[in-house]
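Worksheet for the structure shown next.
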Amino acid sequence: MKGLGKALARTPFAVTSKIGMAKKSTDTEFDEYHRHFTALEQGAEKLIKDSKAFSEAVTNLFTSGASFGSHFATVFQPLASEYDLLDKHPDSEHTIRSVTKYENAMTELRELIGPELELIESRIIGPAKELQSVMKTIRKTITKRDHKLTDYDRFNNSLTKLRDKKEKSLSDEKNLFKLEQDFEIATNEYEYINNALKQDLPRFLMLASQFIDPLFNSFFYMQLNIYYLIFEKMNSFADDAKYDIQNISAAQIAQEYEEKRTDAWQVIENLNIIKRIISVSRMVQATRSGTMNSSSSLGRQSSVATTSSSLSARSAPPVRTPSAAASFKKAAPPPPTSSQAAPPPPYSATSSASSVAATKRAPPPPPPLKPKPKPPVPQIKYVVALYDFEAQAEGDLSFNAGDRIELVEKTQSTEDWWTGRINGVQGVFPGRCF
Amino acid sequence: MSWAGFKKSVNRAGTTLLQKTGQIERTVDREFTEEEAKYRIFEKECQALQKDSKAYWDAMRAMTAAQTRIAETLETFYGAADRTSDGAMAGHAYKRSVDELDTVFNRELDGPFRTTISEPLGKMCAYFPVVNEHISKRNKKLLDYDSARSKLRKLIDKPSEDPTKLPRAQQENDEAKEMFDMLNDQLIAELPQLLDLRVPYFDPSFEAMIRMQAKFAEEGYEKLSSVQRYFADNVRDDYAAGQLDAQVEGILQEMRELSICGGN
C-alpha cells in the first residue's frame with residue numbers, strides 16, 4: 001500500500017515533467033554509466049540466448065549427424081531379402097564398407113559431445129545467469145534512484161513555486177515549512193542513492209569486463225574443443241576408411257562429386273514407375289496398338305537400338321543427355337522385334353532400363369510373339385543429310401551432305417539430337433540437318 | 001471426384017468388403033509384396049535421411065550464426081570498459097574469425113552441400129509420391145480384377161439364361177487382368193531396379209558428406225585456434241585447471257558485494 005501511495009503521489013509529476021511543465025534534473029555522469037549498464041544488461045541477455053542457441057545447435061548437429069549416419073548405413077545395407085550388395089556394385093565397395101564405421105564414428109561423436117555441452121551449460125550459461133541476476137538487483141537500485149529523483153524534483157518544484165509566490169497565506173507558510181522538510185529528506189535520499197550508484201556502477205562495469213574475460217576464454221576453448229572433436233573424429237575415420245579429406249576446397253568436393261556421379265540418375269529418370277499415371281486404360285490401349293501396328297512407329301528401332309542409344313547417351317556429353325532422355329518421350333512402342341509388354345508410350349521413356357526389365361518378365365497377353373531382340377535389320381530407316389556436320393564432342397556423328405544415315409533413334413522434333421549410324425559408327429547428330 | 005471415379009470407388013469398397021468376408025477370392029502376389037516391403041523401407045529411410053541432412057546443415061548454420069552473435073555481444077561487454085585491453089583484442093580477433101567461418105560456411109560449403117546431398121535426396125524423395133501412385137493404382141486394378149474374375153466364375157458355375165452375359169464377363173475379366181498385369185509387372189520389374197540403383201545413386205554423396213564435415217571442422221578449428229595468439233600465455237592452462245571458472249565465481253561474488261546490489 002505504501003508503494004501504491006508513492007506511485008500515486010509521483011504520477012502527476014511524471015505527467016507534468018513529460019509535457020515540459022516541470023523541471024527535471026539530470027545527472028550526466030550517472031546517465032553515462034546508466035547507458036553502459038543498459039547495454040550490458042542487453043548484452044547479458046543476448047549472451048544467454050545465444051549460448052543456448054549455440055549449445056542447441058551443437059546438440060542438433062550431433063544428433064542429426066548420428067541419425068544421418070545410421071540411416072545412410074541402412075540404405076547401404078541389404079534391405080530385407082536382398083543379397084550381397086558388394087557383388088552387385090563393386091564400384092561402391094568403398095562406401096558400402098565404410099558406412100558402418102561412419103555410423104559408429106558419428107554415434108561416438110554424439111557421446112563425446114555430451115560433457116562439452118554440460119560444460120557450456122554450467123560454466124557459461126550458469127554464470128551468465130548469475131550475472132543477470134546481479135544486474136537485476138542493480139536495476140532495482142536504479143529504479144529506486146529514479147523514484148527518489150522524481151521525489152526530489154517534485155518537492156523541489158513545489159518548493160520553488162511556493163517560494164516564488166508573492167503573498168503567502170498562513171497555510172502556505174505551513175506548507176512551505178513541511179515542504180522544506182520533505183525536500184531535505186528527498187534530497188538526502190536521492191543524493192545517497194545516486195552517489196552510491198555513481199560510485200559502484202563504474203566498479204561494476206569494470207568487474208563486468210573482468211568477468212567476461214575468463215568467461216569468454218572458457219567459452220572459446222569449449223567451442224574450439226567441439227570443432228576439434230569433430231575434426232579429430234573425422235580424421236581418424238578418414239584415415240581408417242581411407243578417405244582423402246586433406247586440403248580439399250569446397251568447390252573441389254562438388255566437382256569430384258559430379259565426376260563420380262554415375263548414370264544412375266539417368267537410369268532412374270527413365271524408369272516408368274516414376275512417371276505420373278494419366279490413364280490406365282489409355283496405357284493399355286497404347287500397349288495394344290503399339291504391338292499391333294508397329295509399322296506406324298516413328299522409325300524407332302527395337303530395344304537393341306534403344307539400349308545402344310541409351311548407352312551412347314551415357315557416354316555422350318552430359319549436356320545433351322537430358323535432351324536425349326526427353327526425346328524418348330512420345331516415341332511409339334517398339335515393333336514386334338522387341339519382347340516387350342510395351343510400356344505405355346505417351347508419357348514413358350523406353351530406355352535400356354525398361355527394355356531390359358521387359359525381357360525379364362513374362363509379357364501379358366497382347367504381343368503374339370516374343371523372340372529375343374533381333375538385330376534391327378528389317379526396318380532400317382535412312383535419312384539423307386542436307387548439310388555437312390562435324391562432330392563437336394565425343395559421341396557425335398560426323399557426315400557430309402548427301403550421306404545416308406541409318407536412323408537408330410529419332411524424335412519428332414528436329415530440334416533434338418538424333419542417334420544414327422554411318423559406316424558402322426554410331427553417334428548423335430542434330431535432327432535439323434535433314 | 002468425377003461420377004465415374006465415384007462409381008469405381010464404391011464398387012471397390014464393395015469388393016474389399018466381400019473379400020474380407022471371404023466371398024471373393026483375393027489375389028496374392030508374393031513377389032510384389034516383397035518388393036513393396038523393401039521399397040517401403042527404402043522410402044522411409046530416404047525420408048529420414050532427407051530430414052536429418054537438413055537438420056544437420058541447419059545446425060551447422062545455427063552454430064556459426066550463434067557464434068557471430070556471441071562475438072557481437074562480447075564487443076558490447078568489452079566496449080563498456082576498455083577497448084584496448086588484451087581481452088578486447090582477443091574478443092575482436094574472435095569476432096573476425098567467427099565471421100570468416102560464417103562466410104566460409106555460407107559461401108563455400110552451402111552450394112556443394114546442395115549439389116551433393118540435398119538435391120539427390122530431394123530428387124529421390126520426389127519420386128516416391130509417383131511410385132506410390134503406381135502402387136495404389138495397381139492395388140485398385142487388382143480389386144477390379146478380383147471382382148471381375150469372381151463374377152466370371154459365378155457365371156461359369158451357374159450359367160445365365162442370357163447368352164451374351166458370359167462373353168461379356170469374360171471380356172471384362174480379360175481387360176481387368178490386362179490392366180492389372182501391366183501395372184503389376186511394371187512394378188515388379190522396376191521397383192528392384194530403383195532400389196538397386198540407390199547404391200550408385202547415393203554413393204558419391206557419402207564421400208562428399210564426409211569431406212564437407214571434415215572441411216567444416218577443419219575450418220572451424222583453424223580459424224578459432226588462431227585467436228589463441230591473443231590470449232595470455234597462462235589462459236589455456238588455467239582453463240584446463242578450472243581456474244577460469246574460479247575467476248568467474250570470484251568476480252560474481254565481488255559484484256554481489258557491491259552496495260548497489262544490496263537492494264537497500
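Only this structure's heavy atoms are used, side chains among them; waters, hydrogens and symmetry mates stay out. Quick note on labels: first sequence line is chain A, next is B, and so on, each numbered from 1. Since this is a predicted model, take the numbers as computed values, not measurements.
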_Residues Lys46(A), Glu72(B): salt bridge by 4.0 Å N-O rule_ =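 Salt bridge flag = no for Glu72(B) with Lys46(A).
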*How are the rings of Phe206(B) and Phe237(A) set to each other: parallel, tilted or perpendicular (split at 30° and 60°)?*
perpendicular
*Go through Gln247(B), Met60(B), Gln67(B) and name the one with the most non-hydrogen pairs under 4.5 angstrom from chain A.*
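Heavy-atom pair counts peak at Gln67(B).
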Is the [atom1] atom of [X] crowded by more than 12 outside heavy atoms at less than 6.0 Å?
{"X": "Lys101(A)", "atom1": "NZ", "result": "yes"}
{"X": "Glu119(B)", "atom1": "CD", "result": "yes"}
{"X": "Phe128(B)", "atom1": "CZ", "result": "yes"}

Between [X] and chain A, which part of the residue has a heavy atom less than 4.5 Å away: side chain, backbone, both or neither?
{"X": "Ile188(B)", "result": "neither"}
{"X": "Pro120(B)", "result": "both"}
{"X": "Lys123(B)", "result": "side chain"}

*Could you tell me whether the side chains of Tyr221(A) and Gln228(B) share a donor-acceptor contact shorter than 3.5 Å?*
yes
*For Tyr221(B) and Gln223(A), does a side-chain donor sit closer than 3.5 Å to a side-chain acceptor?*
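Checked: Tyr221(B)/Gln223(A) side chains show no N/O donor-acceptor pair below 3.5 Å.
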*Nearest heavy-atom pair of Ala57(A) and Ala59(B): which atoms, and what distance?*
O-CB, 3.3 Å
*Where do Phe68(A) and Asp52(B) come nearest, in terms of heavy atoms and distance?*
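Scanning both residues completely, I find the closest heavy atoms to be N-OD2, 3.6 Å.
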*Residue pair Gln213(B), Met106(A): steps toward the side-chain contact (heavy atoms from CB on, under 4.5 Å) verdict*: CA-CA 11 Å; Gln213(B) 279 178 300; Met106(A) 294 309 280; 2.9 Å; yes
Quick one: what part of [X] sits under 4.5 Å from any heavy atom of chain B, side chain, backbone, both or neither?
{"X": "Ala66(A)", "result": "neither"}
{"X": "Leu201(A)", "result": "both"}
{"X": "Leu119(A)", "result": "side chain"}
{"X": "Phe37(A)", "result": "neither"}
{"X": "Met135(A)", "result": "neither"}
{"X": "Ser98(A)", "result": "both"}

Please rank [options] by heavy-atom pairs under 4.5 Å with chain B and give me the top one.
{"options": "Val58(A), Asn60(A), Asp200(A)", "result": "Asp200(A)"}
{"options": "Thr59(A), Leu131(A), Ile124(A), Thr63(A)", "result": "Leu131(A)"}
{"options": "Ile230(A), Ile226(A), Val134(A), Leu224(A)", "result": "Leu224(A)"}
{"options": "Lys136(A), Lys233(A), Met222(A)", "result": "Met222(A)"}

_Centroid-centroid under 6.0 Å between Phe76(A) and Phe202(B) rings_ =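 They do not qualify: ring centres at least 6.0 Å apart.
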*Could you go through the side-chain contact (heavy atoms from CB on, under 4.5 Å) check for Met234(A) and Lys215(B) one step at a time?*
CA-CA 9 Å; Met234(A) 290 313 294; Lys215(B) 176 90 186 157; over 6 Å; no
*Passes side-chain contact (heavy atoms from CB on, under 4.5 Å), Phe231(A) versus Phe216(B)? Steps please.*
CA-CA 8 Å; Phe231(A) 180 59; Phe216(B) 175 71; over 6 Å; no
*Let me know which of Ile251(B), Val248(B), Leu74(B) forms a side-chain contact (heavy atoms from CB on, under 4.5 Å) with Ile212(A).*
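The side-chain contact (heavy atoms from CB on, under 4.5 Å) with Ile212(A) is passed solely by Leu74(B) among Ile251(B), Val248(B), Leu74(B).
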